[in-house]
Amino acid sequence: MTETLPGTPAADGFRMPAEFEPHAGCWMLWPERPDNWREAARPAQLAFVEVAAAITQFEPVTVGVSTPHYPTARALLPERVRVVEMAHDDAWMRDVGPTCVVDARGTVRGVDWRFNAWGGLAGGLYFPWDQDDLVARKALEIERLDRYRAPLVNEGGAIHVDGEGTALVTEECLLSANRNPRLGRESIERGLRDYLGVSQVIWLGKGVFNDETGGHVDNLACFVRPGEVCLTWTDRRRDPQYAISLDAWERLHEARDARGRRLKVQRLPMPGPLSLGAREAAGVVARQGTRGRVAGERLAGSYVNFYIANGGIIMPLLDARTDRAAARRLKSLFPARRVVGVPAREILLGGGNIHCITQQVPAARMSRQRAPVHAGGGRRAVRRHGS
């Protein structure tokens, strides 16, 4: 039996651990919407299967699937993947799933943010979103973890932490009027301190150009380890992303983390630029209340949108011209982890990528130790899963 808790994680001695700390497992959801995923979501489902299979090399995976899709998902997903029936509106587990927190004893609890489809009726991507707003609670009950219901509209993709008291966010996302219109920067920051257990919030400006989430930080930058940040980058000065990344670079160099350290910033070259093809756009069913897909629009492709597993890095393969260079760079940043590349364009076509469709559950009683190295770590810089 799980409990909905009063108070806040910080007041109870809890903090959000970094993604590079040990995991008990990973959660995903099954893509199903024909008005977001082309060709009745079949290509996206196959891509999600590859992501799940790649992650299971390193840690357990659970996938939530609606009742009508359960037989197909169970048939396609590897046997070692746990499949549970779970109603949901779309497949972005990072944003609708729980943000887990731990205390010094290793107890794990979950934060359930309020969700409004990245902007509500004024600018959200679909309506309704009521089933997505229930996903975090359902996942926590299945995991038998107690829950905090946060008063903030927020998504997991809007936050990154170093596990030592520092959070990384963007102004474009957290200060947008369509999330928490009555709250200013100080109130938002107070909420992050209360529910993430952090003492320092580093504010970047905008997220990746044309990111339909409204500038999620997880597509732009993330912590590699305490004191070190990975930032998506382009040297093309005429690209609209250049000014965004340069601004983030300057802010990161001026910032100090919760322990007073200057940050080391690592550039990760971006793919593309990539755009939506006419055939891809034509495969999406138009429906009132859902953001449409327009051929030729810029896709917010970024290699920073990777998932850190126990001993592994699951990275998106997005552009044959840049995939190998990105994989080599990630291997140099995570030398003790095995980098596994998964073809991810179908996920990008839906509006996000590998980090967006995954959500880790931290391991109990190991929260302050470093992640164990997988037996295969360090042997190969990159492997394309399933090919």
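Thr166 and Gln200 share no donor-acceptor pair across their side chains, judged by distance under 3.5 Å alone. A side-chain donor-acceptor contact under 3.5 Å links Asn36 and Arg293.
Hydrophobic cluster membership for Trp203: Leu5, Phe14, Met16, Val101, Val111, Trp113, Tyr148, Leu152, Ile159, Val161, Val169, Leu174, Leu175, Leu183, Ile188, Leu192, Tyr195, Leu196, Val198, Val201 (Ile, Leu, Val, Met, Phe, Trp, Tyr linked by side-chain heavy atoms under 4.5 Å, directly or transitively).
Taking 4.5 Å as the limit, every side-chain heavy atom of Glu155 sits out of range of all side-chain heavy atoms of Thr213. The shortest distance between side-chain heavy atoms of Leu204 and Leu252 falls below 4.5 Å. Met315 has its side chain within reach of Val339: a pair of non-hydrogen atoms, C-beta onward, lies under 4.5 Å apart. With a 4.5 Å cut-off on side-chain heavy atoms, Arg109 and Asp12 count as touching. The shortest side-chain heavy-atom distance between Trp249 and Arg267 falls under the 4.5 Å cut-off. With a 4.5 Å cut-off on side-chain heavy atoms, Ile347 and Pro316 do not count as touching. Between Arg137 and Thr4 the shortest side-chain heavy-atom distance falls below 4.5 Å.
Using a cutoff of 4.0 Å between basic side-chain nitrogens and carboxylate oxygens, Asp194 and Arg190 are not scored as salt-bridged. Ion pairing between Glu346 and Arg38 holds under the 4.0 Å rule for side-chain N and carboxylate O. Asp112 has no carboxylate O lying under 4.0 Å from a charged side-chain N of Lys138, or vice versa, which leaves the two without a salt bridge. Using a cut-off of 4.0 Å between Lys/Arg side-chain N and Asp/Glu carboxylate O, Glu19 and Arg337 are scored as not salt-bridged.
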Hey, can you pull the donor-acceptor pairs under 3.5 Å for the side chains in residues 279-288, sequence neighbours left out?
| residue | atom | partner | partner atom | Å |
| --- | --- | --- | --- | --- |
| Glu280 | OE1 | Gly277 | N | 2.8 |
| Glu280 | OE1 | Arg345 | NH2 | 2.9 |
| Glu280 | OE2 | Arg345 | NE | 2.8 |
| Glu280 | OE2 | Arg345 | NH2 | 3.4 |
| Arg287 | NE | Asp35 | OD2 | 3.0 |
| Arg287 | NH2 | Asp35 | OD2 | 2.9 |

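The two residues Ala91 and Trp37 make their nearest non-hydrogen contact at CB-CZ2, 4.5 Å. What you find for Leu140 and Gly110 is that their closest heavy atoms are CD2-CA, 3.7 Å. Residues Glu59 and Cys26 come closest through the heavy atom pair OE2-CB, 3.4 Å.
Aromatic rings of His355 and His216 (six-membered ring for Trp) have centroids beyond the 6.0 Å cut-off, not under it. Centroid-to-centroid, the aromatic rings of Trp118 and Tyr126 come within less than 6.0 Å.
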Report the C-alpha separation of Ser66 and Glu32 in whole Å, then their side-chain angles, then the decisive distance to 0.1 Å, and conclude whether the side chain to side chain donor-acceptor pair (under 3.5 Å) test is met. CA-CA 9 Å; Ser66 71; Glu32 302 172 7; 2.7 Å; yes

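Between the Asn310 side chain and the Pro22 main chain, no donor and acceptor come within less than 3.5 Å of each other.
Residue Phe334 is tested with Phe306, Phe20, Phe223, Tyr307 for a ring-ring contact (aromatic ring centres under 6.0 Å, His included); the sole match is Phe306.
For the pair Arg298 and Phe209, the cation does not sit on the ring face, since its NZ or CZ is not both under 6.0 Å from the ring centre and inside 45° of the axis.
For Arg262, the CZ atom is loosely surrounded, since the number of other residues' heavy atoms within 6.0 Å does not exceed 12.
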